[in-house]
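Inspection log for the structure reproduced underneath, given as structure tokens.
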Amino acid sequence: MRTSQLLIPTLRQTPGEADVVSHRLMLRAGMIRKTAAGIYTYLPLGLRVLKKIEGIVRREMERAGAQELLMPILAPAQLWRETGRWDFYGKELLRCRDRHDREFCFGPTHEEVITDLFRREVRSYRQLPLNCYQIQTKFRDEIRPRFGLMRGREFLMKDAYSFDADEAGARVSYQKMYTAYERIFTRCGLAFRAVEAHTGLIGGSLSHEFMVLSDTGEETIVYDEHTDYAANIEQAETTPPADTDDAAPLPLEPVRTPGAHTVRDVCALLNTTPDRLVKTLLYQTPARDVVAVLIRGDHDANTIKLARCLGVADVTLAGADAVLKATSAPVGFAGPVGLAGIRLVADHAVKAMRNFIVGGNEQDLHLRHANHGRDFSVEAFADLRQARAGDPSPASGSRLREAKGIEVGHVFLLGTKYSEAMRATFLDANGQERAAVMGCYGIGVSRTAAAAIEQHHDDRGIVWPVPIAPFHAHLLPVTASEQTLHTAGMMYEALTEAGVEVLWDDRDERAGVKLNDADLIGAPLQILVGDKGLARGVVEVKRRDTGAITELPPNEILPHLRNLLATHDLP
RNA sequence: CGGGGCGUGGCGCAGCCCGGUAGCGCGCCUGCUUUGGGAGCAGGAUGUCGGAGGUUCAAAUCCUCUCGCCCCGACCA
């Protein structure tokens, strides 16, 4: 296509709203423009990239046996009430009413709608397994949209839903999607890692996230260098210390700790280290009950694990007044000894400790040489802390490492959560009615575009991987002579005819402007046509990634381009 | 929702503290010269200073309210 006929409003300066690389470059390259907070218009260049990613996703979905359909963007409240998510999903679910005052929501995900379709249309096990997907705009009313397309409110997503007759079949479907995702992100040219994940608002029993590795990622993952083990840090299991401290119990001893309400303060005052302390954290459940959890001083609590252990939907850190009420002390002095009337659980690292320091449930008081079993008892020891780099890997025991990632895909084995709630059943071979076993599988298409830029850029602009580049080649006449323009025109026709996606910069601009825009836009190859080269009968093919230039006669360029575009050493 | 910050021409910003009727760079338009990494000269256009109210002889500037946006946090897939 010709630049003069496309809306590609490149910017020299970065608009003030953009902070992260992908956001900045997408604005500057004229790919997107903001319409409202977290809501963007895709300009021609941006849309071409989305279409490229969609194409890869479609091919791999079809290969894995999924079929495409398209569900509505609005869903009736009634369906969401059936699964309880109308209330449970919270403010992220954008709701509206029609002229008859009927309630609807903008679909943030489509389990309800697809399950409704399934229960209406599928009767027999003979129709299973079934896997349907769509590529559609989703809306989630995020608390804080940010980073451009990385966390928008409106975004493009591929979501797939599988229905199987039994758990074993569902696991096969899950594995097929997992494999398809690996192929998709590999084909997009991304360095990624599949990690064990928690299931959040979607629910289910087994889940993996596909993380594009990038320092700007919002997620932290831990991984084992020596095995396949990798997990979202929120999900990663921790193992209890191998050795139990076998010191003889010493008598419990109160110690004054004026003003020391943090682990650090107490350690400084008592000349010890955080791993000799046990902090008592108070949380509130949705039912407003206060619960206490014991965590070693150098560890952090994991609220997802805690909520799971307590059997509640979620927990939030208790406020100062709730702490005062439960412990009769200000924040910073809570302890398990003599703490009555509330549930008390402990991280399994605490089980191995002896003679540790705890809060005294009184202002400016701590207790030394506390021991569980003797001075207090807990309801349960469990994995309740956040994993961190250096922890032993659950797979090999070697030390876990940490990395940042951008979640671009997420697969869930749902089980029968939705099919039971919505009575999505079928008759099995014995004529028995059974609930379908489901899985669901999402890919953030627009987020993938942003993640690709985070991973593939330099200080001049975007460096697109070939499969998702908006154009393969950028044709740049760098002089204004008749000869140059004529040659460029001929090459444009010939290359386009041959199926190469060429963006022809036919603007009346200086070479510098064109070259800078080309670097910004980031097509993998640039074709420079100018008087200098033509005097020797050649044009130049320049790789965007390495800057390497090859000189060739115009009529020999096609095979060279094809070769470059096909090789994997391009980004 | 808590904390911080910002709304001044298409973009980036100054001016605000200390009120006197708006300026710079880039871009845009015209002409001439230039033309292989964001040209030079000359001329020109573009601003309800986010909105409403108030104080004042006078408000971009001070006060109140309001809308929008960005960053950090809480939150989330």
Side-chain angles (χ1 to χ4, degrees), chain A residues 9-20 23-24 27-28 30 33-39 88-93 107-111 138-148 150-153 155 157-159 195 197-204 207-211 217-219 232 234-235 303-304 314-317 319 405-412 440-444 446-447 460-461 476-481 484-485 488 505 507-520 526-536 538-540 542 547 549 551:
Chain A
T10 55
L11 301 172
R12 290 192 183 189
Q13 284 159 315
T14 302
E17 70 195 57
D19 210 36
V20 299
H23 190 196
R24 231 167 34 218
L27 285 170
R28 286 195 54 212
R33 284 294 183 265
K34 187 175 64 184
T35 301
I39 299 176
F88 195 63
Y89 214 91
K91 287 192 181 170
E92 218 172 288
L93 188 64
T109 175
H110 280 69
E111 285 79 11
K138 292 279 189 284
F139 197 96
R140 295 181 187 174
D141 203 356
E142 293 281 347
I143 293 173
R144 183 151 90 85
R146 57 188 133 175
F147 306 148
M150 289 241 276
R151 181 168 294 270
R153 293 192 291 170
F155 57 98
M157 181 171 170
K158 185 285 302 177
D159 45 325
V195 307
H198 70 98
T199 55
L201 285 176
I202 304 288
S207 173
H208 287 87
E209 289 167 326
F210 287 77
M211 297 284 195
E218 293 186 81
E219 303 290 336
N232 190 308
E234 297 173 326
Q235 170 74 14
T303 54
I304 294 162
D314 71 316
V315 293
T316 50
L317 210 51
I406 301 164
E407 180 197 351
V408 289
H410 202 157
V411 295
F412 298 83
C440 73
Y441 318 93
I443 288 180
S446 41
R447 185 184 278 182
R460 305 194 57 79
L476 304 162
V478 291
T479 52
S481 68
T484 295
L485 297 179
D505 195 340
R507 295 175 301 172
D508 181 20
E509 288 285 358
R510 337 192 96 231
V513 172
K514 294 183 184 180
L515 291 164
N516 277 297
D517 273 355
D519 287 346
L520 181 59
Q526 296 173 1
I527 304 167
L528 279 61
V529 186
D531 291 343
K532 272 192 222 162
L534 291 180
R536 290 182 291 119
V538 299
V539 297
E540 294 152 48
K542 180 175 176 183
I549 292 174
E551 295 191 336

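Because the structure is predicted, anything quoted here is derived from the model rather than measured. Residue numbers begin at 1 in each chain, while the letters A, B, ... track the order of the sequences.
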- Message: I'd like to know if A:D531 reaches the base of B:rG36 with its side chain such that a donor and an acceptor end up less than 3.5 angstrom apart.
- Response: no
- Whom does B:rG9 pair with, Watson-Crick or G-U wobble, provided both distances fall under 3.5 Å? none
- Choosing from B:rG37, B:rU34, B:rG36, which nucleotide comes nearest the side chain of A:L515? B:rG37
- Between A:L528 and A:A18, the residue closer to the 5' end of RNA chain B by nearest nucleotide is A:L528
- Query: Taking A:R151 for the side chain and A:P145 for the main chain, is one N or O donor matched with an acceptor at less than 3.5 Å?
  - Reply: no
- Could you let me know what B:rA58 is paired to, Watson-Crick or G-U wobble, both distances under 3.5 Å, or none if it's on its own? none
- The side chain of A:F147 lies closest to which of these nucleotides: B:rC72, B:rG36, B:rG37? B:rC72
- Is there a Watson-Crick or G-U wobble partner for B:rU48 with both distances under 3.5 Å, and if so, which one is it? none
- Item | A:N516 CG to B:rG27 P, straight-line distance once rounded to whole Å | 13 Å
- Query: Is there a donor-acceptor contact under 3.5 Å from the side chain of A:R153 to the main chain of A:I39?
  - Reply: no
- When only distance counts, do a donor and an acceptor, one from the side chain of A:R151 and one from the base of B:rA77, lie under 3.5 Å apart? yes
- Would you say the side-chain atoms of A:T10 pair up with the backbone N or O of A:R28, donor to acceptor, closer than 3.5 Å? no
- Presence of donor-acceptor pair under 3.5 Å, side chain of A:K542 and base of B:rG37: yes
- Spacing between A:E92 atom CD and B:rC75 atom P, to the nearest angstrom: 13 Å
- Item | Between C1' of B:rC71 and CD of A:E218, the distance in whole Å | 13 Å
- Integer-rounded Å distance: B:rG40 C1' and A:R510 CZ: 9 Å
- Task: Return the nucleotide paired to B:rA14: Watson-Crick means purine N1 to pyrimidine N3 with N6-O4 or O6-N4, wobble means G-U with N1-O2 and O6-N3, both under 3.5 Å.
- Result: none
- Identify the nucleotide, in any strand shown, that forms a Watson-Crick or G-U wobble pair with B:rA22, with both distances under 3.5 Å; if there is none, say none. none
- Value in whole Å for how far the P atom of B:rG37 lies from CD1 of A:I549: 12 Å
- Of the candidate nucleotides B:rA74, B:rG37, B:rG36, which contains the atom at the shortest distance from the side chain of A:I143? B:rA74
- Item | Least distance between heavy atoms, A:Y441 atom then A:K158 atom | O-NZ, 3.1 Å
- Message: For B:rC32, give the paired nucleotide (Watson-Crick: N1-N3 plus N6-O4 or O6-N4; G-U: N1-O2 and O6-N3; both under 3.5 Å), or none.
- Response: B:rG40
- Query: Is there a donor-acceptor contact under 3.5 Å from the side chain of A:R33 to the main chain of A:L27?
  - Reply: yes
- Starting at CZ of A:R144 and ending at P of B:rG73, how long is that distance when rounded to a whole Å? 7 Å
- Query: Just how far, in rounded Å, is P of B:rC76 from CD of A:E209?
  - Reply: 13 Å
- Short question: side chain of A:K514, backbone of A:V478 - any donor-acceptor pair under 3.5 Å? no
- According to a strict under-4.0 Å criterion, is A:R12 in side-chain N/O contact with OP1 or OP2 of B:rG27? yes
- Just compare B:rG38, B:rC76, B:rC70 and give me whichever is closest to any side-chain atom of A:K34. B:rC70
- Query: For the base of B:rG27, is there a side-chain donor-acceptor partner from A:Q13 under 3.5 Å away?
  - Reply: no
- State which residue, out of A:E234, A:Q235, A:E209, fulfils the side-chain hydrogen bond (donor to acceptor under 3.5 Å, both in side chains) condition with A:H198. A:E234
- Message: Which is more 5' along RNA chain B, the nucleotide nearest A:R140 or the one nearest A:V529? Just name the residue.
- Response: A:V529
- Query: Can you tell which of B:rG38, B:rC76, B:rG73 lies closest to the side chain of A:E142?
  - Reply: B:rC76
- Query: In terms of side-chain heavy atoms of A:P15, which of B:rG38, B:rC11, B:rC69 is nearest?
  - Reply: B:rC11
- Determine which nucleotide pairs with B:rC76, using a 3.5 Å limit on both distances of a Watson-Crick or G-U wobble pair. none
- Query: For the pair made of CZ in A:R146 and C1' in B:rC72, what is the distance, rounded to whole Å?
  - Reply: 9 Å
